[in-house]
Every structure is written in structure tokens, then in C-alpha cells.
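Nothing fancy with the numbering, it's 1 onward along the sequence.
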Amino acid sequence: MAHAAAHDAALTAEDLDVLRENLRDQYLFRQEQLRQIGSAAPSRADDLLGRQAPSQLEVRIKVAASARMVLADVEAALRRMDEGRYGACHLCRRPIARERLLIVPQARYCSRCQQVREAGR
């Protein structure tokens with residue numbers, strides 16, 4: 001059962017390197033996504049489409065808002081890494097599972113606290 005023990009193990013320096021690289025990749029991707037959305041200003045063709053333009057604009061606004069939210073989460077996770085506070089749940093202060101961080105490296109909460117937060121919405 002050595003694998004089960006690794007499940008609960010603290011993050012290694014190698015894990016942190018992988019997670020930092022993942023966060024940096026996400027950061028660059030979201031910045032590029034926002035740049036592309038910003039440069040996709042409505043064209044004359046959009047104006048001529050009439051009813052479709054507002055729905056396309058609404059989609060762009062929602063995608064940009066989502067990208068900005070993820071970007072802020074990624075920046076916060078990189079700050080926590082730099083400050084040595086990365087990987088601890090913001091609510092219960094317990095370590096966030098390594099597997100969860102490998103999937104969602106910007107996670108602020110352990111799985112249990114995340115479920116509690118989502119149930120409270």
C-alpha cells in the first residue's frame with residue numbers, strides 16, 4: 001500500500017515545480033485568451049447580423065469574465081507558492097490533497113470544504 005501513503009504525502013519539491021509550471025502555462029493561456037477577446041471588436045459584419053451580434057457579444061463578455069476569474073485565481077496560487085502558503089485549505093487549514101492540486105493547481109480549498117461552499121450557494 002505504498003501508493004496509498006503517497007496519496008496523503010506532502011507536496012515534494014518536484015510536485016511544486018510541476019504545479020508552478022502548470023500555473024504559469026494557465027496564466028499565459030488566459031492572458032492570450034483575454035488579448036484575443038479584446039482584439040475581437042465587433043466588425044461591420046457583426047453590425048449587419050443584427051440579432052446575432054448581441055448574443056455573440058454576451059458570449060465574449062462571459063468568456064472574458066471567466067478568463068479573468070481563472071487568471072486571478074492562478075495569480076493568487078503563484079503568490080501563495082512564493083510565500084510558502086501553497087497547498088493549505090483556506091477554511092480548515094488542512095493540506096489540500098496532492099491529486100486535487102494536480103488537477104486544479106489553483107485550488108484554495110480541500111475537496112470537503114469546496115463541497116460545503118458549493119452546497120451553501
Side-chain angles (χ1 to χ4, degrees):
M1 284 297 234
H3 185 68
H7 167 71
D8 295 329
L11 292 170
T12 65
E14 185 181 342
D15 289 338
L16 287 171
D17 287 344
V18 168
L19 290 162
R20 185 182 296 275
E21 186 175 335
N22 185 315
L23 286 164
R24 284 185 179 147
D25 288 347
Q26 280 195 60
Y27 179 84
L28 295 173
F29 172 77
R30 296 302 176 173
Q31 279 193 320
E32 177 62 17
Q33 186 181 30
L34 286 166
R35 191 191 64 72
Q36 287 179 4
I37 291 167
S39 67
S43 66
R44 180 100 178 102
D46 288 336
D47 292 341
L48 295 174
L49 289 173
R51 287 191 308 232
Q52 286 185 353
S55 64
Q56 289 173 343
L57 181 61
E58 186 179 338
V59 166
R60 273 200 295 254
I61 289 168
K62 286 181 178 177
V63 169
S66 175
R68 276 192 293 274
M69 215 167 73
V70 172
L71 187 60
D73 286 347
V74 167
E75 287 174 321
L78 286 167
R79 263 193 314 278
R80 289 193 302 276
M81 260 186 193
D82 291 341
E83 295 166 358
R85 298 183 299 112
Y86 181 79
C89 178
H90 282 217
L91 288 179
C92 70
R93 304 291 181 217
R94 291 188 191 111
I96 300 171
R98 178 180 178 272
E99 285 76 13
R100 176 165 168 71
L101 289 170
L102 290 172
I103 295 166
V104 186
Q106 69 271 25
R108 295 173 190 256
Y109 307 102
C110 67
S111 296
R112 189 176 59 85
C113 289
Q114 183 68 43
Q115 288 172 352
V116 169
R117 282 180 54 81
E118 288 174 5
R121 286 184 187 161

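To the nearest 0.5 Å, the span separating CD1 on I96 from CG on L102 amounts to 12.0 Å. Between N22 atom CG and I103 atom CD1 the span is 11.0 Å, to the nearest 0.5 Å. Y27 OH to L23 CG: the interatomic distance, rounded to the nearest 0.5 Å, is 12.0 Å. Atom CE of M69 is separated from atom OG of S66 by 5.5 Å, given to the nearest 0.5 angstrom. Rounding to the nearest 0.5 Å gives a distance of 4.5 Å between CZ of R100 and OG of S111. In this structure, L11 CG and D17 CG are separated by 11.0 Å, a value rounded to the nearest 0.5 Å.
Scanning all heavy atoms of the two residues, the minimum distance from C110 to C89 falls at N-SG, 3.4 Å.
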Take L19 and R98, measure what side-chain contact (heavy atoms from CB on, under 4.5 Å) needs, and give me the verdict at the end. CA-CA 10 Å; L19 290 162; R98 178 180 178 272; over 6 Å; no
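For R79 and E75, the salt-bridge test fails: no basic side-chain N is under 4.0 Å from an acidic carboxylate O. Salt bridge annotation for E32-R35: present, with a cationic side-chain nitrogen under 4.0 angstrom from a carboxylate oxygen.
If you chain together hydrophobic residues whose side chains sit under 4.5 Å apart, V18 and M81 never meet in one group. In terms of hydrophobic clustering, with Ile, Leu, Val, Met, Phe, Trp and Tyr side chains grouped at heavy-atom distances under 4.5 Å, V70 and L78 are assigned to a common cluster. When hydrophobic clusters are built by joining Ile, Leu, Val, Met, Phe, Trp and Tyr residues whose side-chain heavy atoms come closer than 4.5 Å, directly or via intermediates, L16 is grouped together with V74. Hydrophobic clustering places L28 together with L71 (ILVMFWY residues linked when any side-chain heavy atoms are closer than 4.5 Å, directly or through intermediates).
Using a 4.5 Å cut-off on side-chain heavy atoms (C-beta onward), Q56 and V59 make no contact. Using a 4.5 Å heavy-atom cutoff, the side chains of P105 and Q26 are in contact.
Partners of E83 under the salt bridge (charged side-chain N to carboxylate O under 4.0 Å, His left out) rule, at least two apart in sequence or in another chain, are R85. Evaluation of the salt bridge (charged side-chain N to carboxylate O under 4.0 Å, His left out) rule for R108 yields D73 as partners, not counting sequence neighbours.
E118 CD: more than 12 foreign heavy atoms inside a 6.0 Å radius. In the displayed structure, Q31 atom CD is contacted under 6.0 Å by more than 12 heavy atoms of other residues, nucleotides or ligands.
Screening residues 98-121 for ring-ring contact (aromatic ring centres under 6.0 Å, His included), with sequence neighbours left out, gives H90-Y109.
V63 pairs in a side-chain contact (heavy atoms from CB on, under 4.5 Å) with only one of the listed residues (Q33, E58, R68), which is Q33.
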